[in-house]
Amino acid sequence: MSTDRYNARDAEPRWQAIWNERGIFRTRNDDPRPKFFVMEMFPYPSGRIHIGHGRNYVMGDVLARYKRMQGFNVLHPMGWDAFGLPAENAAIERGIHPKSWTYENIASMKEQLQLLGLSLDWNREIATCDPSYYVEQQRIFLDFLEKGLAYRKESEVNWDPVDNTVLANEQVIDGRGWRSGAVVERRKLSQWFFRITAFAQELLDALDTLDRWPDKVRLMQRNWIGRSEGLEVLFELSKGAVAAAGVPAVKVYTTRPDTLFGASFLALSPDHPLTQHLAATRPELAAFVADCKTGGTSAEAIETQEKKGFDTGLTVVHPLDPARTVPVYVANFVLMDYGTGAIFGCPAHDQRDLDFARKYGLTVTPVVLPPGADPAAFAVGEEAYDGEGTLYNSQFLDGLSIEAAKEQVARRLERFRVGEQPQGMRKVNFRLRDWGISRQRYWGCPIPIIHCPSCGPVPVPRDQLPVQLPDDVTFDRPGNPLDRAKAWRDVPCPKCGAPAKRETDTMDTFVDSSWYYLRYASDTVERPLDKAAVAHWLPVDQYIGGIEHAILHLLYSRFFTRALKACDRVNVAEPFAGLFTQGMIVHETYKDQEGRWLFPEEVKHLGTGKAVKIDTGEEVVVGPPEKMSKSKRNVVPPEVVADTYGVDTARWFMLSDTPPERDSEWTQSGIEGAWRFVQRVWRQVQEAIELGAPKGAEKPASFDAAATALRRAAHGLSHQVADDVERLRFNVAVAHVHEFANAFGQAIAAARAAAQVPADLAFALREAAEIVTRVVGPMTPHLAEECWAALGHDTLLAEAAWPLAEPDLLVENTITLPIQINGKKRDDIVVPREATAAEVEAAVLAMDSVRKALDGKPPKRIIVVPQRIVNVVA
RNA sequence: GCGGGUGUGGCGGAACCGGUAGACGCGACGGACUCAAAAUCCGUUUCUGGUGACAGAGUGUCGGUUCGAGUCCGACCACCCGCACCA
């Protein structure tokens with residue numbers, strides 16, 4: 001018996017060097033084979049990576065290697081999402097220039113990634129902070145500008161009044177600036193926007209075509225786009241109020257016109273023109289509006305703040321009942337950029353309106369009666385009723401369903417006139433807002449615009465692109481260094497030549513990641529966005545990344561391809577045909593008695609669930625598994641795993657046990673189990689070489705039961721693992737390989753026990769070794785190369801074909817059916833595969849156990865599900 | 001606050017379209033090999049009762065549909081993710 005261990009530390013670098021030398025993962029655009037484009041979401045170069053980062057790259061790599069074996073021309077690229085806030089924070093905190101910080105991180109992360117043995121085409125590597133990348137992004141911006149897909153408008157930012165700087169949402173903590181601690185204000189700035197709303201309907205409709213996306217992601221996008229059909233309704237101001245308001249009517253948007261008779265107030269956004277008009281002469285309202293401006297701009301901050309209102313004293317006339325008037329409030333929860341910036345409140349049927357009405361003592365009139373409720377007794381307490389029902393308390397709507405009432409109200413108000421306008425207008429609204437891309441920061445793609453006092457914003461002429469970031473900047477003061485970079489900023493207007501200033505805002509980093517997959521398609525720097533290459537490679541066949549990008553990144557990318565298509569730059573609308581969202585790797589956390597975080601390598605587990613610090617023996621507090629993070633020290637560096645067990649072990653472990661879409665826990669015992677299995681595969685292949693037939697031996701004419709069982713197991717393995725990998729069920733693929741190894745082990749033991757190995761078994765052993773080596777190839781590629789070479793091949797396994805299963809070996813001739821009596825399993829029966837339901841029924845009724853259960857009586861019912869189950873109802 | 005998800009043995013999890021719950025692995029226990037150990041191999045391992053054959057219970061909780069529910073429906077509980085300037 002060969003007792004040699006598989007030496008990963010020797011084999012892994014050796015095979016990686018050979019793959020590199022032969023350039024086998026380099027992809028050519030003119031390769032005639034069918035294409036397969038697989039990519040993982042590119043990383044932000046934050047520093048060192050930990051093993052938690054590796055999971056999605058390994059999953060993508062398994063698929064890439066598998067598809068290569070299936071004969072595809074695979075594109076599997078990698079790049080760096082290299083612009084962003086952390087680089088500037090490093091500059092502020094440690095005085096390192098964002099550029100050198102970023103490129104140093106890229107260098108070390110690249111080294112770590114290469115360690116994982118990923119079959120990437122590094123020739124197509126990109127970094128979004130590189131001018132050769134962002135020059136094209138600036139061209140795209142100008143294309144969008146020409147097509148009206150980019151424009152400028154006012155929009156609010158988080159403003160830190162002490163540091164005099166704009167804050168990101170994550171820099172606002174409990175409504176205060178993270179560095180200054182000052183209460184944050186919302187302040188308006190003129191900013192650039194991409195008109196994603198122009199595609200709102202199309203982005204919504206096309207979700208139905210994305211059948212290889214998770215349903216939950218499509219649902220999240222659908223809700224985010226938030227299409228609603230409603231009615232815009234004009235509320236005329238009461239006679240005495242028109243003068244004060246300066247306008248004859250207020251327009252509100254509602255999706256529930258059926259509840260109009262339940263209206264008890266109108267609420268205006270603090271930013272509504274009428275609010276602004278009134279506040280100009282009423283200091284107490286101005287103060288209320290100013291108060292509404294404190295706190296962050298995030299939806300979470302706005303929606304969780306206390307609901308507050310201000311009674312303007314004005315009233316409006318009810319559109320369907322001129323005898324009634326309704327008070328007008330200003331409320332902090334009404335958003336100016338959704339609908340018309342004004343709503344009517346129907347407290348009985350909307351929880352937020354109800355809370356507001358209770359707080360300010362407004363009437364609550366139910367107008368929708370739940371099915372079966374008594375109209376005399378039904379009342380709304382602390383919970384609004386938003387279910388189905390019948391209209392009442394609503395004059396001409398009484399007795400109608402909600403849908404019918406909506407229709408009646410719309411028809412009637414469309415006929416009414418307020419001045420020249422119809423009082424009601426049907427309107428489709430989207431929750432989706434245009435995408436604000438301006439960032440008041442240095443480390444991002446410069447927006448190629450020059451602001452001229454007389455010509456306004458002027459595009460930078462295309463022959464002057466890229467507008468490169470100046471290197472000579474300082475981070476010693478808060479604010480955007482580009483505002484202070486005079487030599488860079490002050491330029492003549494391209495139109496009139498007068499002194500002008502560059503746009504100092506840079507682009508949102510989501511812009512960078514909205515088209516990088518298109519850049520990968522091109523194999524030349526000269527044409528970073530190459531229409532023909534995009535037509536060849538897109539859509540991405542399989543995109544793999546975290547669920548945290550379910551909405552923004554993926555929606556922005558879907559918008560980008562459409563916008564680029566409108567500019568005639570590409571021909572593809574949907575960028576990602578297949579999407580997979582993988583879970584994170586989590587790890588236990590450890591704290592010593594003083595509450596300091598400890599690294600896993602400082603801790604030793606005792607059998608009892610307790611753990612101690614290795615050097616002191618002090619007991620350690622073991623916390624639940626959490627996302628790996630530097631701050632909690634629950635990280636495992638890939639180098640350490642590679643040095644101790646080898647990369648293939650780490651890859652195998654990452655694919656094992658946990659379904660890939662779920663969070664997976666990294667454990668020491670798990671990695672040791674993976675290491676044992678890697679060794680087991682190696683040993684079994686060695687033994688099969690020793691006991692089996694030589695390479696190229698002739699196939700025997702027949703196989704006995706033992707040899708056939710092994711052949712069934714091996715051929716079944718290749719069939720099942722292919723299916724598992726296609727469906728990205730890597731944990732099940734791993735289980736199938738384990739199952740095979742158990743069968744392989746028995747066959748090897750049988751061969752070893754025989755005086756002389758029979759020819760059919762010898763052939764089957766050899767065949768099994770050849771099959772399992774190729775099947776594990778995508779998952780443990782270095783081990784597989786080593787086995788492949790040991791089997792006598794002088795080709796690379798990475799370039800071998802997937803083993804084709806013989807169909808005859810995949811079907812069983814007999815089937816074991818479970819027998820249930822009254823839904824409980826009581827027995828089994830073995831029947832021929834092609835037995836009819838009637839034959840099965842007869843056989844079942846003849847069984848002792850069934851006869852006993854029936855006790856001489858005929859069964860009430862008997863259900864035979866062919867090839868599945870039999871249920872006898874006694 | 002709004003939107004989305006997850007929940008199965010001691011642990012990670014499997015179970016296809018409603019059809020044998022617990023595949024496979026980890027851990028634990030027992031055995032073989034060994035002078036011994038490591039490594040390896042074999043066996044047992046959901047819970048309760050029983051020496052045993054076996055019986056009963058069991059997929060977060062409560063209820064429903066069905067011949068049959070981890071799977072479908074309703075209500076609830078716990079935890080996780082996103083919310084437009086983190087990436």
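Every chain is numbered from 1 and lettered A, B, ... according to where its sequence line falls, protein lines coming before strand lines. The analysis underlying the following values was restricted to heavy atoms, covering all of them including side chains, and did not include hydrogens, waters or symmetry mates.
OP1 or OP2 of B/G27 has not a single side-chain nitrogen or oxygen of A/Ser669 nearer than 4.0 Å. OP1 or OP2 of B/A84 lies within a sub-4.0 Å distance of a side-chain N or O belonging to A/Asn169. Of the side-chain N and O atoms in A/Arg352, none sit less than 4.0 angstrom from OP1 or OP2 of B/C2. One finds no side-chain N or O of A/Lys825 lying less than 4.0 angstrom from the OP1 or OP2 phosphate oxygen of B/C67. Listed pair A/Arg683 / B/C41 meets the phosphate criterion, a side-chain N or O lying under 4.0 Å from OP1 or OP2. Residue A/Arg676 places at least one side-chain N or O closer than 4.0 Å to OP1 or OP2 of B/G27. OP1 and OP2 of B/A23 both lie 4.0 Å or more from every side-chain N or O belonging to A/Arg729. Phosphate contact (OP1/OP2 of B/C41, side-chain N/O of A/Arg680, threshold under 4.0 Å): present. Residue A/Arg433 places no side-chain N or O under 4.0 Å from the OP1 or OP2 atom of B/A84. Residue A/Asn822 has no polar side-chain atom (N or O) positioned under 4.0 Å from OP1 or OP2 of B/G68. Side-chain nitrogen and oxygen atoms of A/Asn223 include none within less than 4.0 Å of the OP1 or OP2 phosphate oxygen of B/G82. For A/Arg431 and B/C2, the shortest distance from a side-chain N or O to OP1 or OP2 is not below 4.0 Å.
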Practice prompt. Apply salt bridge (Lys or Arg N to Asp or Glu O under 4.0 Å) to the pair A/Arg727 and A/Asp723, showing each step before the final yes or no.
Written response: CA-CA 6 Å; A/Arg727 294 160 66 184; A/Asp723 187 53; 3.1 Å; yes
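Nucleotide B/C86 is matched to nothing when pairs are restricted to Watson-Crick or G-U wobble geometry with both distances under 3.5 angstrom. Checking B/C17 for Watson-Crick or G-U wobble geometry (two distances, each under 3.5 Å) identifies no partner in any strand. For B/C79, the paired base is B/G5 (Watson-Crick or G-U wobble, both distances below 3.5 Å). Partner assigned to B/C41 is B/G31, using Watson-Crick or G-U wobble distances below 3.5 angstrom. Nucleotide B/A57 is matched to B/U46 when pairs are restricted to Watson-Crick or G-U wobble geometry with both distances under 3.5 angstrom.
The aromatic rings of A/Phe559 and A/Phe194 lie tilted to each other, with the angle between the two planes from 30° to 60°. Taking the six-membered ring where tryptophan is involved, the planes of A/His549 and A/His553 are perpendicular, since the angle between them exceeds 60° and thus also 30°.
Comparing B/G10 with B/C2, their C1' atoms sit 39 Å apart, to the nearest whole Å. Annotation: B/C76 and B/G7 have their C1' atoms spaced 14 Å apart (nearest Å). When the P atom is compared between B/G5 and B/C11, the two are found 27 Å apart, to the nearest whole Å. With C1' as the reference atom, B/U45 and B/G25 are 14 Å apart, rounded to whole Å. Straight-line distance between the P atoms of B/C41 and B/U46: roughly 22 Å, to the nearest whole Å. Between B/G18 and B/G74, the distance separating the two P atoms is 16 Å to the nearest Å. Comparing B/U59 with B/A21, their C1' atoms are spaced 8 Å from each other, to the whole Å. Comparing B/A75 with B/A84, their C1' atoms are spaced 34 Å from each other, to the whole Å.
Contacts of A/Phe510 with the nucleic acid, taken as non-hydrogen atoms under 4.0 Å apart, include base atoms. Residue contacts for A/Gly84: at a heavy-atom cut-off of 4.0 Å it reaches the sugar-phosphate backbone alone, with no base atom in range. Looking at heavy-atom distances under 4.0 Å, A/Val172 makes no contact with the nucleic acid at all. Here A/Thr304 lies in heavy-atom contact (under 4.0 Å) with a base. At a threshold of 4.0 angstrom between heavy atoms, the contacts of A/Ser438 include nucleobase atoms, whether or not backbone atoms are also involved. A/Lys824 comes within 4.0 angstrom of sugar-phosphate atoms only, judged by non-hydrogen atoms across all strands, and of no base. A/Gln191 comes within contact range of at least one nucleobase, with a heavy-atom separation under 4.0 Å. At a threshold of 4.0 angstrom between heavy atoms, the contacts of A/Leu817 with the nucleic acid are absent. A/Leu85 comes within 4.0 angstrom of sugar-phosphate atoms only, judged by non-hydrogen atoms across all strands, and of no base. Using a 4.0 Å heavy-atom criterion, one finds that A/His553 contacts no nucleic acid atom at all. Counting non-hydrogen atoms under 4.0 angstrom, A/Gly436 reaches the backbone sugars and phosphates but no base. Residue contacts for A/Val166: at a heavy-atom cut-off of 4.0 Å it reaches a base atom on one of the strands shown. Backbone-only engagement by A/Val873 is indicated by non-hydrogen atom pairs under 4.0 Å involving sugar-phosphate atoms exclusively.
Checking each of A/Trp80, A/Tyr516, A/Phe83, A/Tyr517 against A/Phe42 for a ring pair (Phe, Tyr, Trp, His ring centres under 6.0 Å) leaves exactly one that passes, namely A/Tyr516. Remark: of the listed residues A/Asp505, A/Asp508, A/Asp512, A/Asp508 is the sole one forming a salt bridge (Lys or Arg N to Asp or Glu O under 4.0 Å) with A/Arg439.
Remark: A/Glu93 CD is packed, more than 12 non-hydrogen atoms of other residues, nucleotides or ligands lying under 6.0 Å away. For A/Asp483, the CG atom is densely surrounded, since the number of other residues' heavy atoms within 6.0 Å is greater than 12.
In the set B/G19, B/C85, B/C24, B/C85 carries the atom at the smallest distance from any side-chain atom of A/Gln440. When the nucleotides B/C85, B/A84, B/G4 are ranked by their closest atom to the side chain of A/Ala299, B/A84 comes out on top. You'll find that the side chain of A/His738 is closest to B/G25, out of B/A84, B/A55, B/G25.
Using a 4.0 Å cut-off between charged side-chain N and carboxylate O, A/Asp337 and A/Arg433 make a salt bridge.
Annotated as anti: B/G27, whose glycosidic dihedral deviates from 0 by more than 90°. Regarding the sugar-base torsion, B/C35 falls in the anti class, its angle being beyond 90° of 0.
Taking atom CZ of residue A/Arg826 and atom C1' of nucleotide B/C67, one finds them 15 Å apart after rounding to whole Å.
Within the model, atoms CG of A/Leu579 and CE of A/Met41 stand 6.0 Å from one another, a figure rounded to the nearest 0.5 Å.
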